[in-house]
Amino acid sequence: MKSNARKWLGLIIAILCYYIVHEGTHAIAALFMGAYQRIKFMFPGMQIVVNKEAMSDLQLAVFCIAGPLATLLLGYALVLMTKRILKSNNKVIKATFYYMTLGMLLIDPIYLSVLCGFFGGGDMNGIILFGIPEVVARSAFGVIGAINVFVFVKYIYFAYKADVQKTDSQRSPYSSLSR
């Protein structure tokens, strides 16, 4: 498979995984709280619709923080599993996990620190129900995002780059003829 196709396939799979984890966690939380209504599909993704009247403010806050917490925890787990992932010989798997790690670490912190102010509060509307001022919550997610950028660059980007260089150096001079 060509490098560009592999990257695009990895990116698309990673985006799907992000939605499954983030929205799936919201759905599970809503089901446990007895407030789940349906999944609403819209551009560019989907969201879980709940019966807010059936939820206390604390339940709504927990429902809203569940998705971001799940993606962040999975992102950190993927960071810890990077060496194991890089042992795979499958380049599509490596590309997928590279983009999954990037997305899980950065999408929610970027959205909850900056973008929620432009595109509607979403999860931030519930997170502030914990009694945290929005500016503090947004700042905290900004700090988490900055730390996650550092973690990604230091531990993921360079590990994957070294793996690609190692793979390229192991190719025979005649391997390009078989493409």
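In this structure, the side chains of Met124 and Ile128 come closer than 4.5 Å at one or more pairs of heavy atoms. The side-chain heavy atoms of Gln37 and Val50, taken from C-beta on, include no pair separated by under 4.5 Å. Within the 4.5 Å cutoff, the side chain of Tyr36 has no heavy atoms near those of the Asn51 side chain. Side-chain atoms of Tyr160 and Lys94, non-hydrogen and from C-beta on, do get closer than 4.5 Å to each other. A heavy-atom distance below 4.5 Å is not found between the side chains of Ile12 and Thr96. In this structure, Leu78 and Phe97 have side chains that are in contact, with non-hydrogen atoms separated by less than 4.5 Å. Between Ile156 and Leu102 the shortest side-chain heavy-atom distance does not fall below 4.5 Å.
At least one donor-acceptor pair closer than 3.5 Å links the side chain of Gln59 to the backbone N or O of Ser56. Of the possible donor and acceptor atoms, none in the side chain of Arg38 sits under 3.5 Å from a partner among the backbone N and O of Ile48. A donor-acceptor pair is defined here as one N or O able to donate and one able to accept, closer than 3.5 Å; no such pair exists between the side chain of Ser88 and the backbone of Ile85.
One hydrophobic cluster, built from ILVMFWY side chains closer than 4.5 Å, holds both Ile15 and Phe41. Hydrophobic clustering (side-chain heavy atoms under 4.5 Å, transitive across Ile, Leu, Val, Met, Phe, Trp, Tyr) groups Ile147 together with Ile110. Both Val135 and Ile65 belong to a single network of hydrophobic side chains, linked directly or stepwise wherever heavy atoms of I, L, V, M, F, W or Y lie under 4.5 Å apart. Met46 and Leu31 fall within a single hydrophobic cluster, where Ile, Leu, Val, Met, Phe, Trp and Tyr are joined by side-chain heavy atoms under 4.5 Å apart, directly or via other members. Placement of Tyr19 and Leu16 in two distinct hydrophobic clusters is found when ILVMFWY residues are connected by side-chain heavy-atom separations under 4.5 Å, directly or transitively.
Taking CG of Leu9 as the reference point, atom CD1 of Ile13 lies at 4.0 Å (rounded to 0.5 Å). Atom CG of Leu115 sits about 13.5 Å away from atom CZ of Phe141, to the nearest 0.5 Å. Remark: Tyr18 OH to Met100 CE distance equals 12.5 Å, nearest 0.5 Å. In this structure, the separation between CG on Leu60 and CG on Leu58 is 9.5 Å, given to the nearest 0.5 Å. Here the straight-line distance linking atom CG of Asp163 with atom OG1 of Thr82 works out to 11.0 Å at 0.5 Å rounding. Rounded to the nearest 0.5 angstrom, Leu69 CG and Leu74 CG are separated by 12.5 Å.
Apart from Ile28 itself, the hydrophobic cluster it occupies contains Phe32, where clustering links Ile, Leu, Val, Met, Phe, Trp and Tyr at side-chain heavy-atom distances under 4.5 Å.
Heavy-atom minimum distance, Thr25 versus Ala66: CG2-O, 3.3 Å. Residue Ala61 comes nearest to Leu129 through the heavy atom pair CB-CB, 4.0 Å, listed as atom of the first residue, atom of the second, then distance. Of all the heavy atoms in Thr101 and Gly75, the pair that sits closest is CG2-O, 4.2 Å. Taking every heavy atom of both residues into account, Ala159 and Leu86 meet most closely at O-CD1, 3.6 Å. The minimum heavy-atom distance linking Gly142 with Ser113 is given by the pair N-CB, 3.4 Å. Taking each heavy atom of Glu134 and Cys116 in turn, the nearest pair found is OE2-SG, 4.5 Å.
Within a 6.0 Å sphere centred on OH of Tyr76, heavy atoms belonging to other residues, nucleotides or ligands number more than 12.
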**OP:** With side chain to side chain contact (heavy atoms under 4.5 Å, CB included) as the test, would you mind laying out the steps for Phe130 and Val62 before giving the verdict?
**Re:** CA-CA 8 Å; Phe130 280 118; Val62 169; 4.1 Å; yes
**OP:** Please lay out, stage by stage, how Glu23 and Ile39 fare under the test side chain to side chain contact (heavy atoms under 4.5 Å, CB included).
**Re:** CA-CA 9 Å; Glu23 298 301 334; Ile39 298 173; over 6 Å; no
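Of the options Asp108, Leu112, Leu72, Leu106, a side-chain contact (heavy atoms from CB on, under 4.5 Å) to Ile144 is made by Leu72 and by none of the others.
Aromatic ring centres of Tyr98 and Phe152 lie closer together than 6.0 Å.
The aromatic rings of Phe63 and His26 are tilted relative to each other, their planes meeting at an angle between 30° and 60°.
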